[in-house]
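Report on the following structure.
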Amino acid sequence: MNTEQKLAADIKQALHSLFEVEQEVILQPTRKDFAGTYTYVVFPLVKSLKKSPPEIGASLGEYLKANSDLVADYNVVQGFLNLVLEENTWFDTFNAILSDENFGFAKANGKGVLVEFSSPNTNKPLHLGHLRNNFLGDSISRILKANGWDVTRACLVNDRGIHICKSMIAYQLFGKGETPESAGIKGDHLAGKYYVEFDKSYKAEINELVAAGETEENAKKNAPLLKKAQEMLLKWEQGDAAVVELWKRMNGWVYDGFNATYRKIGVEFDKTYYESDTYLLGKDIVEEGLATGVFYKKDDNSVWIDLTEEGLDHKLVLRGDGTSVYITQDLGTTDLKFKDFHSEKAIWVVGNEQDYHFQVLFAIMKKLGRSYADGCYHMSYGMVDLPSGKMKSREGTVVDADELVAEMTATAAETTKERGKIDDFTAEEAENLFQMLALGAVKYFLLKVEPKKRMLFNPQESIDFQGNTGPFIQYTHARIKSILRKATAEGIEIPETIAGIPLESSESDLIFLLSEFPSVIRKAGDDYAPSTVANYAYDLAKTFSSFYSEFSVMNEADTAKRDFRLALIRVVADTLKKAMGLLGVEVPERM
RNA sequence: GGUCCCGUAGCUCAGCUGGAUAGAGCAUCUGCCUUCUAAGCAGACGGCCACACGUUCGAAUCGUGUCGGGAUCACCA
């Protein structure tokens, strides 16, 4: 039981003894302007007790001061009972944190969760929007693990379909046999180049047809290039050797490119599914649904489900000609995923433009009686917009992931060199640091915003290194480490338990914040919100910085005080490292 | 048009299981580096929390409606 829970129990007991009231007690942190750590709001008691709020507050405060060994003092402002804690409870709280290396992390709960994210298309390189997806997926995986879940990270690669054929056709027509090696272009970028190429030529054909008197609609449907792509898709599905060979070759290039990017941004998967393997799945589920009467057949043989009871519409699950639609294969892969991993939960990190799709998918699974249906969650997130509007790969108006990371790394290098604090680093150490800072900046930037909100990225203003940013938190960690190195150099041993030291308010602020770490992790997991962890890390770093400028650690004459501060800041550094770790961000020893 | 999401300072965002005088960062302005890293700290400036009504002792937070922005409603994925 932590301090807050104990205090709540004491208040509950007090309510019982004083007023014979049985009530759950909820505490809130006391506002900065008043003395106290926790505040209990007495307004709700006014009616039943028929006493004024200050009266209730005072008698409750008096009782707690006398009977609770946690409460040293109290004050009442209107209906707010502010409780000042005994100093030794701060040390109880702190010592518990100090002695627990895994403070904040829950024990394994023996249950599995599958997190699917990234899910790239193999016709274009990753852009800023994909980065948001990757970082959200990576971070929520880490957060769920910290909440005790056994996490499997899965990636479903969209490696087939008409859009892939578009790149392939364009390459066949205009590629002149070039390869990533011959062109000196990363494989995913090379494929992307031909995807854009396709779109350009396709649009030119449409314009020609329209000029020749076709309607725009017809032109779009009948442009020779599109026909070629559709033919190629058909050939691919028939297993045409030449087409499959080209498909394998080009996808191979793309995977090499993706792997390089994933390695650079520090994202990994436990399991990769390929849509070329799974796109035919789901038809047996359609049969099952027809047999159980969950689905119904129309005259043209197409299969549907009625979801009007769920507030949704009728939805097609299989075409009249027996071929799959998107949801068909998703039914199949969902079953497959739960069969493969026997997990309790599955999470899909997918943009909010698919909100409706997932509502439908989950509703169908429920109607089919899948036991896992309630464990399905769509972690929906908003698009990353540019000042000019939406990013469009076909039109080339995207912020490329590789380019962005490279630019940020250059900025980190420049900013760091200006400051001249790491002049003794080897080239490799320096490069390592620049990468760490660049990724810290980008990841933090994308994760600090609540996932479901769409966010704006302004390339001109770019990503900052000051203020509420990843590098600021990394910097805070490095500053603490610098002090700890100094202490080690002087042979100072940090004590394992602390007691009886008069506390400065910024010190108790820090202890209080540290004590909240477990509930922050819990909340982030419950809400699927890495932003909760990001905001916490910033809050902690900010509070430390304030303490740092007000008090000195190593120059403190009272050695007991000094040693306490060393212990305190060591836990702060550890907690910053853990919190940033949950965002997939590393923190440096020096910067 | 139906459904879903969003609307908080000039800009980017916290806060939303109802609680006190709504917080940060950026930008603008003032101070602070001979003491542990100034990527920092302290301060100033900046708000009808889109609007209206309702529930409540109490609403940025909950409910209803309006307005504004976005997404979606394909035998595309």
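Naming: A, B, ... by sequence-line order, numbering from 1 per chain.
- Ring to ring, A:Phe512 and A:Tyr38 are close: their centroids are under 6.0 angstrom apart.
- As a whole-Å value, the separation of A:Phe472 CZ from B:rC13 P is 20 Å.
- A salt bridge does not link A:Asp558 to A:Arg565: none of the charged side-chain nitrogens sits closer than 4.0 Å to a carboxylate oxygen.
- A sub-4.0 Å separation between OP1 or OP2 of B:rG7 and a side-chain N or O of A:Lys453 is present.
- Backbone-only engagement by A:Tyr356 is indicated by non-hydrogen atom pairs under 4.0 Å involving sugar-phosphate atoms exclusively.
- Base pairing analysis places B:rA24 opposite B:rU12; the two distances defining the Watson-Crick or G-U wobble pair are each below 3.5 Å.
- Ring pair A:Tyr326/A:His357: centre-to-centre distance below 6.0 Å.
- For A:Phe465 and A:Phe472, the gap between ring centers reaches or exceeds 6.0 Å.
- For the pair A:Asp464 CG and B:rC11 C1', the computed distance is 13 Å after rounding to whole Å.
- For B:rA39, its base sits under 3.5 Å from the side chain of A:Thr416 at one donor and acceptor pair at least.
- Using a 4.0 Å heavy-atom criterion, one finds that A:Phe551 contacts the bases of the nucleic acid, with or without backbone contacts as well.
- When both distances must be under 3.5 Å, the Watson-Crick or G-U wobble mate of B:rU66 is B:rA50.
- To the nearest angstrom, P of B:rC75 lies 6 Å from CG of A:Leu316.
- The existence of a salt bridge linking A:Lys366 and A:Glu310 is excluded, since no basic side-chain nitrogen approaches an acidic carboxylate oxygen closer than 4.0 Å.
- Nucleic acid contact for A:Leu437: base, since at least one base atom lies under 4.0 Å from a heavy atom of the residue.
- Distances shorter than 4.0 Å separate some side-chain N or O of A:Lys452 from OP1 or OP2 on B:rC6.
- Within 4.0 Å (heavy atoms only), A:Gln78 reaches no atom of the nucleic acid at all.
- Atom CG in A:Asp313 sits roughly 15 Å away from atom C1' in B:rC75 (whole-Å rounding).
- Comparing B:rA77, B:rA24, B:rA39 by their closest approach to the side chain of A:Gln329 singles out B:rA77.
- As judged by a 4.0 angstrom heavy-atom cut-off over every strand, A:Thr39 is placed among the base-contacting residues.
- Looking at the side chain of A:Val77, the nearest of the listed nucleotides B:rA14, B:rU37, B:rA20 is B:rA20.
- Close to B:rA24, at under 4.0 Å from its OP1 or OP2, lies no side-chain N or O of A:Lys542.
- Base pairing analysis places B:rU72 opposite B:rG2; the two distances defining the Watson-Crick or G-U wobble pair are each below 3.5 Å.
- Across all strands shown, B:rU30 forms a Watson-Crick or G-U wobble pair with B:rA42, both key distances being under 3.5 Å.
- Side-chain proximity of A:Arg454 to B:rA77, B:rG70, B:rU37: nearest is B:rG70.
- In this model, no side-chain donor or acceptor of A:Ser549 finds a partner on the base of B:rA38 within 3.5 Å.
- The aromatic ring centres of A:Trp348 and A:Tyr377 sit 6.0 Å or more apart.
- Of the nucleotides present, none pairs with B:rU37 by Watson-Crick or G-U wobble criteria with both distances under 3.5 Å.
- Each of B:rA20, B:rC4, B:rG40 was ranked by its minimum atom distance to the side chain of A:Asp355; first place goes to B:rC4.
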